[in-house]
Every structure is written in structure tokens, then in C-alpha cells.
Amino acid sequence: MFHFCGIKLNKTKNMQRITVAKGDGIGPEIMDATLEIILAAGAQLEIDEIEVGEKVYLSGNTSGIANESWDIIRRNKIFLKAPITTPQGGGYKSLNVTTRKFLGLYSNVRPCSSLHPFVSTKHPTMDIVIVRENEEDLYAGIEHQQTDEVVQCLKLISRPGCEKIIRYAFEYAKVYGRKKVTCFTKDNIMKQTDGLFHKIFDEIAVEYPEIENEHWIIDIGAAKLADTPEVFDVIVTLNLYGDVLSDVAAQIAGSVGLAGSANIGETCAMFEAIHGSAPRRAGQNVANPSGLLQGAIQMLIHIGQTEVAENVQNAWLKTIEDGIHTYDIYKEGVSKQKVSTSDFAKAVIANLGSKPNILKSVTYAKGITLNLPKYKRKPAAKKELVGVDLFVHWSGTSADLLAEKVRVIGEDKVQLSMITNRGIKVWPEGFEETFCTDHWRCRFKPVGTHTIQKEDINKLLSKAVWVGVDIVKTENLYEFDGKAGYSLGQGQ
Ligand code: NAD
């Protein structure tokens, strides 16, 4: 027998050792309530508690977590984390993003279903799961200021990243009996990055003929999700879109305070609520622990303690159905009792072993496993250098004038073929109405039957130094198996 938070734990051979961080703000209160419920339901857990978040940040550690804590997280592999506060001001790295990427937690799974008629929602039959890519996209955090006027953020999308998350979404749909997987991208504009995600979605969808699949452009898809979420089932999408849409989905289902999230990797996994640390509500014993409890239920399923997960979920549904609500979902006429965090936990514990009468009770199959083969690298394509984009910092306004300055760095074999500004073609034959910044992309391509080599690019760069053209970045243009691996200029 040992103790955690004053709770007596019985040690059995099915014990799973997990790492727990109580976080900041309302974190400690909702974590205590969550642990109390799952341990009362018989979860077999050994708990190592670590400190992360605000205190660690403010002690001078810009990542918000000590090295020893990483050792514990990596050893235990399962991490239940309450929300943390990232202090205001520059220099503090988001611990959530760092944890997801360090541990390879590529899949973020956020179920959002309504609890009608017990929690107010305009979407009584909504029941969706958002599977969000968790490591790539603009969240690679690779940003640079390139000129006085222009900063950039690199959007990185990889084939392994797409394959892993899309397969995860289809496997999830398969084992949880879901009927459809919808892909959201903006590939009408971002043909390389979002285009790759969509292409791989189509490739993998073929392997799951029993599951319906469809693709929506993200803008109209998001509008449809906010308006008619019941037409969706599982949604798979890129990191940024998924981040935004999963908060929207949770909120329209009832409240962000009700949704949990699983971050799954090949060896480690982290479970949390989707909301933040709500500092204004901290220390008042009023916060809703449901979001973190939902994360903990996902954790119990993940570690194979499905009976406990089922018992807790049904008791939680029954409590919601009984009208025992924290302030955030309390509604006169619908709710019966406005309760504190700790009293909500007590009510759920009292309902263990019961099932809801009106809300649909859950049954989780034993030993749920997703078939997720390791990524296999494809044979390399035939890669051919076909040009180069030189990005120039220049504060003039006439693209014709810039063309004259830049042309001289070219030679017989490799010549200036186009200039764009913020992606739109401004030379040759630009529009004088086009607004230009001080950041210009000058595309050089080989002439006629010539080919271009890396040495030609070196020559262009050296000449640019001699004639005073300020090149801030280069991007090589390649064809892969004869297919262009770069975008055209807009209007080209
Ligand atoms: P938030 O989600 O913490 O709170 C927004 C509002 O939602 C709160 O004022 C509160 O009214 C309500 N709310 C949220 N959770 C609730 C709950 N469980 N019960 C009842 N009401 C709840 O968002 P924020 O105020 O923008 O962020 C506060 C801090 O949280 C910031 O420092 C932010 O960086 C951090 N944050 C952390 C995580 C995480 O650790 N995963 C996620 C998001 C934000």
C-alpha cells in the first residue's frame, strides 16, 4: 500500500507507472479531482509527480521543465498533465509544443460530442473526433526576419508526418466503429504542402474501403463544422487548422471545459484537457475537472484499463445527466445543483457502477489496438536541379529597375526569368497597382537546353556580392521524377 494526495493505492501486478504534473492555475484542483475519481474506480496506477510550468519558467528555466523531469517522463512513457501557464513576455518556449515534439507525439486526438439536453448546445447530435497532426506545419517554429518589412515562418510538411497521422485517423475510425473520415486542407492555394497532405489522404483512404472518405477546403469546411457539425465523424487535418478547429468544436459541443485530448506517439503518450490554466478561477474550487477527466479516460483506454475507463465515463455521463454541474455549464432550469470541483468529483465517485439513462452509455472493447506500422521510406525519386529563387532585400519600388540590377548577375546559361513580391508576379509584365514590400523573389532558370548546376548558383551569389545585390535567402528549384517541386509565381 502507498499514498498519493492522501489516497491509499493498492499495488497489483497490473500497475501502470505514470507521470503526473499538476500544472498551474486551476491545474492542481482539477488534477486532484481527476485522480480521486479514477483511483476510486480502481485504476491501477503508480504515480510519479513532477513540477512543470510557471514556477519552473520563473526560476530561469526557459523550457518550463527540469532535465530530471524529462528522465521520469521518458521512463514512464505515460504522462497525465494539467494545464500550465506560460508566463507573458518573450523567451519562454511552450512546454506543450516541446513535449509533443521531443517525445514524437504525432497524433492529437480530441473527441467532441454534445451532452444534449443536459448541457446547452445548438448541436444536439454532434459527435465528432478531430485527429490533428501534432509535430509539423507552422508549429515547427522556424521563423526569420529577412528584411526591414518582412518576416517569415516556415511551413514544413513531410510524407512520414502525413502518412502517420492519416493512417492513425483511419485506424481510429476502424477500431471505434466510425463511418467516415474527412480531410481538411487548403490545397487550392498551398499546392505543395497541403497538396501533399491531401494526396496522401487519397492514397491511404483506398486501404480502408469500408470507411467513407471526403475532402473539404478548410474555409468552407470550418464554416460547415461550426454550422452543421453532425455531418462530420472523424476529421483529420494539419496542425494549425486542427488546433483552431478543435477548440471551435469543443466550444460548440458545450464548453471547452468538457473536452480532453490524447497526444499519442510511437512509444510515449501524453493526456490533458484542451483548455488552459484559467488563472482567474484558480484556488476557488470552482473549475470543471471534466476536460482533464476525459483526457484521463483516454489514458486508461490507451494503457488497457478499459473497464475502469468505461466505469468512469458512464459515471461521469450519469452525473452530467443528474444535473450536477460546475458553474461553467450550470443553467437555470436544466441543471439541478451548482457544485464545486471537489463536490463534482464526489458525485462522479458516487455514480461509479451506474449508467446514464438518457445519454448513451459507453462500452469500450478490451485490448483496443490500432494497427500502425512503422513508416517505411520510399525509394528516392530522380531529383534534378532546374533553377533557383534568390530572395533580395531591396527598398526600391520599381520591379523593372530591380530586374535591371539583378539581371547582370545572370549569364548566358542561367538568366532571370521572373520576379515576384509576396508571391505575386511583378516582372515581367507586372501591374502598377500591385503593392510591393522590400522582399523580392528573383527566379533564375537555365536558358534553352542548358542545365543548371550548384556551381552556377555559387556564381550568381558571388556576382550578387560584387554588384551589391543583397540576397537574404536562396531556394533551389527541383523536379522530382520530372514533376515540379515548387510553386509558380501567382499570375505567372
Ligand atoms: P483558458 O482555457 O485557461 O481559459 C479561458 C476561460 O475559459 C477561463 O477564463 C474560464 O472562464 C474558462 N475555463 C477554462 N477551463 C475551464 C474549466 N476547466 N472550468 C471552468 N471554466 C474554464 O485560456 P486562457 O485564459 O487563454 O489561458 C490561460 C493560460 O493557460 C495561459 O497562460 C495559456 O498559455 C495557458 N494554456 C495552457 C494550455 C495547456 O497547458 N495545455 C492550453 C491553453 C492555454
Side-chain angles (χ1 to χ4, degrees), residues 19-34 37 50-58 62-65 73 79-101 103 105 108-110 112 115 119-120 132 134 139 239-240 242-244 246-263 269-296 298-299 316 319-320 324-331 335 338-345 348:
T19 309
V20 161
K22 290 191 174 180
D24 301 312
I26 58 171
E29 299 154 57
I30 60 172
M31 182 60 87
D32 285 346
T34 298
I37 295 168
I50 57 165
E51 173 108 53
V52 297
E54 202 172 18
K55 266 199 216 131
V56 185
Y57 281 120
L58 297 178
T62 52
S63 61
I65 179 168
I73 292 173
F79 184 19
L80 181 62
K81 188 186 76 60
I84 57 161
T85 303
T86 310
Q88 295 288 314
Y92 298 109
K93 282 278 174 195
S94 159
L95 176 62
N96 294 318
V97 176
T98 311
T99 308
R100 288 168 190 161
K101 295 179 73 170
L103 301 179
L105 310 180
N108 187 272
V109 185
R110 295 182 169 191
C112 300
L115 298 160
V119 176
S120 284
R132 158 192 170 196
N134 221 10
Y139 287 50
N239 202 343
L240 175 62
D243 193 3
V244 176
S246 54
D247 272 23
V248 172
Q251 187 62 31
I252 64 171
S255 159
V256 282
L258 292 172
S261 133
N263 300 270
M270 174 173 77
F271 302 86
E272 57 186 344
I274 75 160
H275 60 76
S277 57
R280 281 191 304 123
R281 307 284 177 186
Q284 298 160 35
N285 193 23
V286 294
N288 190 345
S290 298
L292 188 58
L293 184 66
Q294 289 303 309
Q298 286 178 288
M299 174 186 79
W316 176 75
T319 309
I320 298 287
I324 299 172
H325 295 167
T326 43
Y327 82 91
D328 56 317
I329 54 168
Y330 182 86
K331 198 167 178 199
S335 310
K338 193 191 277 179
V339 289
S340 64
T341 312
S342 50
D343 284 344
F344 182 80
V348 178

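Note that these values count all heavy atoms, side chains included, but never hydrogens, waters or copies made by symmetry. Whatever order the structure lists them in is the order used to number ligands and atoms, beginning at 1.
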message: For residues 253-263, which residue pairs pass the side-chain hydrogen bond (donor to acceptor under 3.5 Å, both in side chains) check, not counting sequence neighbours?
response: Arg100-Asn263, Asn108-Ser261, Asn108-Asn263, Asn134-Asn263, Asn263-Glu272

- request: Say whether Ser94 and Thr86, considering side chains only, have a donor N or O and an acceptor N or O under 3.5 Å apart.
  value: no

message: I'd like the residue list for ligand 1, meaning every protein residue with a non-hydrogen atom under 4.0 Å from the ligand.
response: Ile26, Lys81, Pro83, Ile84, Thr85, Thr86, Asn96, Glu272, His275, Gly276, Ser277, Ala278, Pro279, Arg280, Arg281, Ala287, Asn288, Tyr327, Asp328

- prompt: Who are the side chain to side chain donor-acceptor pair (under 3.5 Å) partners of His325, not counting sequence neighbours?
  reply: Ser335

- prompt: Any luck finding a side-chain donor-acceptor pair between Ser290 and Asn288 under 3.5 Å?
  reply: yes

field: Contacts of Ser120 that satisfy side chain to side chain donor-acceptor pair (under 3.5 Å) - sequence neighbours left out
entry: Lys331

- prompt: With a 4.0 Å cut-off, would you call Lys55 and Asp24 a salt bridge?
  reply: no

